[in-house]
Novice: 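After the structure tokens below, expect a handful of questions from me.
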Amino acid sequence: MISFYPGPSRVYPKVSRYMQDAYKEGVLSINHRSNAFMEISKKAINGIRVKLNVPKSYTVYFLTSATECWEVIAESFVQKESIHIYNGAFGEKWCTYTEKLVPNVGRKPFDREVQLNADQLKFNTGELICITQNETSNGTQVSTDIIKVVKKNNPNHLIAIDATSSMAGIALDFSVADIWFASVQKCFGLPAGLAVMICSPRALERAQSINNRKHYNSMLFLDDMIKRAQTPCTPNVFNIYLLMRVMAEVKEIDSIHKMITGRFKKWETFFDTKSYKLNLLIKNPSVRSHTVLAIESTPLHIEKIKTQAAKKGLLLGDGYGELKSTTFRIANFPALRKNEIDKLMDFLYDFI
Ligand SMILES: *Cc1c(COP(=O)(O)O)cnc(C)c1O
């Protein structure tokens with residue numbers, strides 16, 4: 001089965017060998033305070049820094065999921081009010097999780113067809129602005145150029161970005177925000193159970209002034225431990241090892257970005273000009289995600305395509321939330337091979 005699910009998604013084919021290596025090299029049983037682990041952890045972090053162009057002054061942390069990152073951010077980086085700008089299910093979920101932990105939450109939903117107007121986003125209250133860079137539920141994205149203006153217009157706020165389904169797939173300018181995170185079962189092409197969070201010095205200063213140390217995964221504990229390339233609890237050593245191997249192998253992000261954008265353009269042409277029964281859910285090209293495509297049709301047609309696809313060994317992503325019956329989703333993640341994409345395109349020709 002070739003998985004086009006936008007998470008958990010197709011892992012890099014070489015992960016199979018890396019898994020065997022991990023077993024043979026004894027990685028599965030090493031102590032998480034040992035030098036052996038610290039070496040792996042340092043190499044994984046360095047791989048992320050080099051391949052994804054992380055600014056030198058930013059710190060990379062390990063967590064277990066993007067959902068955990070939502071909670072850590074709510075606990076460690078904000079005291080009174082967090083502002084959430086979102087147009088889909090994941091951004092809304094982030095807001096709902098934060099509401100349970102932070103006294104005030106500013107909900108700023110926007111239409112998924114609309115490009116955010118950063119000049120209208122100036123906030124007099126709140127300490128943190130949360131944006132989902134790539135909304136996996138509906139296939140939209142917010143450009144880093146727009147995020148940059150949001151930051152400029154709100155110099156006293158921290159900017160936190162959920163890049164779960166875009167980090168390691170498209171080039172992101174990390175310097176335009178303070179906190180970035182992603183779990184690895186999407187564009188990193190790895191199994192679930194690990195997340196990466198990237199923080200600016202300013203974010204860390206904020207955490208220090210708030211000084212929340214109530215949780216095992218409070219930012220300040222994470223920061224104390226990562227100085228020794230460790231984590232507060234026993235981490236997913238296996239996945240950190242796989243991450244180290246994948247980051248050593250992948251091309252640098254600008255080259256992956258080119259490949260992903262090129263593949264996206266092909267999909268875009270396919271649905272915009274060749275198909276009339278299947279359409280991209282998002283009509284405005286300037287807000288379309290390059291890593292997750294949501295395809296719209298009648299519930300009957302969608303059901304038929306998903307069933308037929310499964311028979312051919314092609315797993316399509318279900319629509320998410322309220323879009324479940326009227327859309328399916330296609331991951332455009334780097335671990336997918338060109339011939340796999342060609343196969344799906346050939347298959348879809350019978351349904352357009
Ligand atoms: C998948 C996803 C999440 C949730 O990731 P978990 O690792 O399951 O916590 C959060 N945000 C976005 C944008 C996602 O795509």
Side-chain angles (χ1 to χ4, degrees), residues 3-11 61-75 82 84-101 109-110 112 116 128-144 147 159-170 172 177 179-198 217 222 231 235-236 238-240 242-243 260 281-282 287-294 315-324 327-336:
S3 176
F4 288 89
Y5 229 101
S9 47
R10 173 99 168 78
V11 295
Y61 302 92
F62 294 124
L63 288 106
T64 54
S65 67
T67 306
E68 189 189 22
C69 295
W70 291 341
E71 285 209 355
V72 170
I73 291 168
E75 288 161 357
S82 171
H84 295 254
I85 302 167
Y86 61 88
N87 71 1
F90 283 101
E92 186 172 17
K93 243 189 197 175
W94 183 3
C95 184
T96 305
Y97 271 78
T98 306
E99 233 160 24
K100 296 176 191 172
L101 298 166
F110 66 101
R112 62 177 178 244
L116 272 186
L128 174 76
I129 298 171
C130 300
I131 300 175
T132 304
Q133 192 275 322
N134 200 74
E135 179 48 76
T136 322
S137 68
N138 59 24
T140 57
Q141 67 170 328
V142 179
S143 75
T144 46
I147 295 170
I159 315 286
I161 307 292
D162 183 340
T164 301
S165 53
S166 56
M167 192 189 289
I170 59 166
L172 295 167
I179 304 157
W180 295 80
F181 58 91
S183 38
V184 300
Q185 73 274 19
K186 313 230 168 143
C187 286
F188 282 91
L190 285 164
L194 179 68
V196 167
M197 188 149 100
I198 300 175
N217 56 8
L222 288 166
T231 50
N236 190 337
F238 185 29
N239 220 339
I240 292 172
L242 298 177
L243 177 66
I260 291 298
L281 170 72
I282 303 302
V287 300
R288 285 175 179 162
S289 160
H290 289 179
T291 51
V292 179
L293 290 88
L315 178 67
L316 295 170
D318 285 336
Y320 195 92
E322 56 167 29
L323 298 165
K324 195 168 175 69
T327 61
F328 66 84
R329 291 174 302 156
I330 300 174
N332 182 31
F333 293 167
L336 283 153

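For ligands, and for the atoms within them, numbers begin at 1 and follow the listed sequence. For the single chain, residues carry numbers from 1 onward in sequence order.
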Novice: Only heavy atoms count here, so choose which of S183, P6, P8, A163 is nearest to atom 7 (O) of ligand 1.
Specialist: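 Heavy atom nearest to atom 7 (O) of ligand 1 belongs to S183.
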Novice: Any nitrogen or oxygen of W70, side chain or backbone, less than 3.5 Å from one on ligand 1?
Specialist: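 The answer is no, given that W70 and ligand 1 share no N or O pair closer than 3.5 Å.
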Novice: Out of all atoms in ligand 1, which are within 4.0 Å of some heavy atom of T67? Include the element for each.
Specialist: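 In order of numbering, the contacting atoms are 6 (P), 9 (O).
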Novice: Just to be sure I read this right, does ligand 1 sit under 4.0 Å from the backbone of A66, its side chain, both, or neither, counting only heavy atoms?
Specialist: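 Both parts.
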Novice: Main chain of A294, side chain of N138: is a donor-acceptor contact present, judged purely on distance under 3.5 Å?
Specialist: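 No, N138 side chain to A294 backbone: no donor-acceptor pair under 3.5 Å.
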Novice: At their closest point, which heavy atom of N239 faces which heavy atom of P191, and how far apart are they?
Specialist: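 Shortest heavy-atom separation between N239 and P191 comes out as ND2-O, 2.8 Å.
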Novice: Using 30° and 60° as the class boundaries, would you call the ring planes of F90 and W70 parallel, tilted or perpendicular?
Specialist: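 F90 and W70: tilted rings.
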Novice: Hey, does the Lys NZ or Arg CZ of K93 hover above the aromatic six-ring of Y97, less than 6.0 Å from the centre and inside 45° of the axis?
Specialist: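 Output no; distance or angle outside limits.
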Novice: Using only atom types and a distance under 3.5 Å, with no angle test, would you say the side chain of E135 pairs donor to acceptor with the backbone of G91?
Specialist: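 Yes, because the side chain of E135 sits within donor-acceptor range (under 3.5 Å) of the backbone of G91.
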Novice: Side chains of Y5 and D318: does their closest heavy-atom pair fall under 4.5 Å?
Specialist: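 Side chain of Y5 against side chain of D318, heavy atoms only: contact under 4.5 Å found.
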Novice: To check your reading of the model: name the closest protein heavy atom to atom 2 (C) of ligand 1, its residue, and the distance in Å.
Specialist: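 Protein heavy atom with the smallest distance to atom 2 (C) of ligand 1: K186 NZ, 2.5 Å.
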Novice: Taking all non-hydrogen atoms of both residues, which atom of F181 and which atom of A66 are closest, and how far apart?
Specialist: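 Looking at all heavy atoms of both residues, the shortest contact is CE1-O, 4.0 Å.
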Novice: How does D162 reach ligand 1, by side chain, by backbone, by both or by neither, if only non-hydrogen atoms under 4.0 Å count?
Specialist: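 Only the side chain of D162 comes within reach of ligand 1.
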Novice: Does ligand 1 have a heavy atom under 4.0 Å from the side chain of Q185, from its backbone, from both, or from neither?
Specialist: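 Answer for Q185: side chain.
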Novice: Short N/O distance, under 3.5 Å, between T136 and ligand 1?
Specialist: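 Between T136 and ligand 1 (N or O atoms, distance only) the closest approach is under 3.5 Å.
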Novice: N134 heavy atoms, cut-off 4.0 Å: which ligand 1 atoms fall inside?
Specialist: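 So the atoms of ligand 1 that pass are 13 (C).
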